[in-house]
Amino acid sequence: MDSKTLWNTVLVQIELEVSKATFSTWFKDTYVLRIDSGVVFLAVPNTFVKDWLQNKYHKNILQNLRNLVEGVRSVEYIISQNNKKKDDIITDIPSQNKELPLNSLYINPEDNLNPRYTFDTFVVGPFNELAYAAAQAILKKPVAYNPLFFYGNTGLGKTHLMQAVGNHIKQHHKDKRVHYVTSERFTVDYVNSVMANKVNHFKEKYRKYDVFIMDDMQFLSNKEKTQEELFHLFNYMYDGNKQIIFSSDQHPNYLQNLEERLKSRFVAGMIVDISPLDTESKVAILQTKANLNSFKLPSETAYYLASIINNSIRELEGALNSVICQTQLKGRELTLQEVKQLTKDSNKPQKSISVKDVVRAVASFYNIEEDSIYNKTRRQEVVKPRQLTMYILREDFNISFPSIGQRLGNRDHTTVMHSCDKIKNELKSNSELINELNQIRTLI
Amino acid sequence: MKLEGVREKISEAIQKAEKITSKNQTLPILKCVLLEVKNGSLLIKATNLDIGLEITVPVRSEVDGVIAVPGNTLSSLISQLSDDKSVSLEVKDGNLYVSSSKNKAVIKALSPDEYPSIPKVDKDTSKTLKIKAQSLVNGLKAVWYSSATSSIKPELSSVRVYPLNNSLVFVATDGFRLAEKSINVKNIPDFTHILIPVKNAGEIIRVFDGLDEEIEVVIDDNQIAVISKDTYLVSRVIEGNFPDYKNIIPKEFVTEATVLKQDFMKSLKINTIFSDTFYHVKFIVDPESKNIQLTTKNNDIGESSTDLSGAIKGQKIDVNFNYKYINDALQSLNSDSIDFMFGGTSKPLVIKPIGDQSFMYLVMPMNR
């Protein structure tokens, strides 16, 4: 029997013999430290308990121990403040105060806003210009759109935009209280308040804000009580003419397991989607981020990164960071080949794909017969798709020039090389083509 | 048990003891004070299992004995018998009979066997420090309000006492402000530091304030005892490390201002009327016009600003503080004028009394 179960058995025995109050006062926080040649070392929280157990319960404890284990000679009481509960709490106190006083004060627990997210660092492009305009509108004319609901895929800057609105309001209207919260945090808060029996505190806490920003609404699904609380909060704020901003990864109507009454309220305001990134925006974002890091990003590299990374600004940032890091390491500008090498893992894992699939995708995109790509025909509407197919097979799937030629109707490898060069050149100037290429890539 | 004694002395001792008894414990015996008559004196004991107190009162005793009675009942009763010079206590049938010239009362008592014993310190194995009672009280009083009130970090919700050269340094912080006071004491024994829980520090202040005699502080591994002629107080101490606060005291200041304490207190008081729910008070310190302006603004009530002249050097600064933190320190600044040393808008402000190197107060500004 180990010392823990031994002591627990003794405690059960003692609990039967003494009153509940006595037990919880004197015995609750005790535990066996160690057993050493017949002496049981018992940890007690303070001197009071030590004296009391020694004077009143020593015989009792000893008897109970002897009943369970042979050869217990005596019991020693040792004061130990380090019971398990405290172990959890005491962590690196010195470092907490080295910075002293409370850097956390500046991160501002009051509004949860991250001062890094401002409009200065926000890149506006075709994909998010509507969202940006809506955000600007509520800054100029408060509650112009209430609630304002952003939706779009992950990594498109919803959080940045919402926090920028919050920071802007905070900066220009010092009397307004802004609060940013993720739906997850809101749920946890609510659950805690229920557990602590302080639901009213929770209500008051959130109702005092003038601008309420809630991120990642999709995580509210299936949390009925939290939704109800949000519903009441929403009504309160809406009636009080206070700005509410939400975001989620889908249109509210498509959010699963969200109460109808909440959905209908979301729809009442303005719903803006942030569409997938277009290449120019990606390039603009890359350049802005590079500038922030005072890094000169060659436009060729920028276009390349933009072309391989599809839908997330975070991935763009990641790729850019590794380029910056490598450049600083090497002390010179990276060649495109090196960038490709560096970012080969940023590419989405490629499906094993047959030439046929690519041909089918291209053909269906341009609405031509698949066969015409393999044919010798030089009709204008077929030539471009065919060249594009070659380009994709070469750039994305690294198939050799002769092999591509052979599979696309037995062409010479120089034909393929010419096609690839041609597309590559055209991509530099023709944004429509870039767009088309991206769309085809999503089809594959 | 039977005795007769001076009402005022007994009343005073019981009032001190009664405050220690715990109010909502599961164990009813802890609401009681223990009265023990032995060798011609009355020993009053009280404890809440965190701190223990024993006070000896000289009385004329007839029969020795011991009894536990609810502290607040006995305390309210005896303090009300103000017409009488003496009062007598007697145990009959297990209850306590309290009688004065006009009043007779019976207080239901509990069995003294159940009463916890007050831990003793072993003077041979511990370190003993001799100090004037008032010095100890002053040291604790100067800093204890800065301790954290929550018990999440036990070392912050306590007052740290440690020896430095020929003085004892008292320091307390809740992470937002910090107070440090040093008191000259001779013959300090060698110990690293002790952390007294702030609640118990408050009790030490209450029990020993106003006492004019030299007392002993006995420092044990797990507890400290404060012992005067007729009082014995024992408190647990907290194990743990206090944050290394010396590093955060700014060495350089952008602005320094010296003002009269009375003037400053007055302006602060006026402005607190209009402070908002975060207790903001704004300081605008302008060396050119030799002016310190305190401003508060509350959207619901109104706003106010007060000008204060003083000697100022450095650059103009505009910074916010929690007025409660500033106000707390004023009681510990025992001088006519006080020095404000601003480290900058995001660095601590240091407040010191002029001509008194023993006290220092650090407080962080608030953001907007």
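Labels below follow one simple rule: chain letters A, B, ... track the order of the sequence lines, proteins then strands, and each chain is numbered from 1.
- The 12-atom threshold is exceeded at NZ of A:K56, counting heavy atoms of other residues, nucleotides or ligands nearer than 6.0 Å.
- Contact annotation for B:D113: both backbone and side-chain heavy atoms come within less than 4.5 Å of a heavy atom of chain A.
- Looking at every heavy atom in both residues, A:T47 comes nearest to B:Q223 through OG1-OE1, 2.8 Å.
- A:W52 and B:Y115 make their closest contact through CZ3-O, 2.9 Å (heavy atoms, listed as atom of the first residue, atom of the second, distance).
- The 12-atom threshold is not exceeded at OH of B:Y279, counting heavy atoms of other residues, nucleotides or ligands nearer than 6.0 Å.
- Using a 4.5 Å cut-off between heavy atoms, A:T22 touches chain B through backbone and side chain atoms alike.
- If you measure heavy-atom distances from B:V237 to chain A, the contacts under 4.5 Å come from the backbone alone.
- Shortest non-hydrogen contact noted between B:P119 and A:F48 is CD-CE2, 3.3 Å.
- In terms of modelled atom types and a separation under 3.5 Å, the side chain of A:D51 and the main chain of B:P116 share no donor-acceptor contact.
- To the nearest 0.5 Å, atom CG of residue B:D50 and atom CG of residue A:N46 are 7.5 Å apart.
- Separating the OG1 atom in B:T277 from the CZ atom in A:R177 is a distance of 5.0 Å, to the nearest 0.5 Å.
- Crowding of A:Y236 atom OH: a count of heavy atoms from other residues, nucleotides or ligands under 6.0 Å not exceeding 12.
- Environment of CZ in A:F122: crowded, with over 12 heavy atoms of neighbouring residues, nucleotides or ligands closer than 6.0 Å.
- Between A:W26 and B:L27 the shortest heavy-atom distance is NE1-CD2, 3.7 Å.
- In this structure, the separation between OG1 on A:T25 and CG on B:L30 is 6.5 Å, given to the nearest 0.5 Å.
- Heavy-atom contacts from other residues, nucleotides or ligands closer than 6.0 Å to NZ of B:K120 number more than 12.
- Proximity to chain A (any heavy atom under 4.5 Å) is restricted, for B:I51, to the backbone atoms N, CA, C and O.
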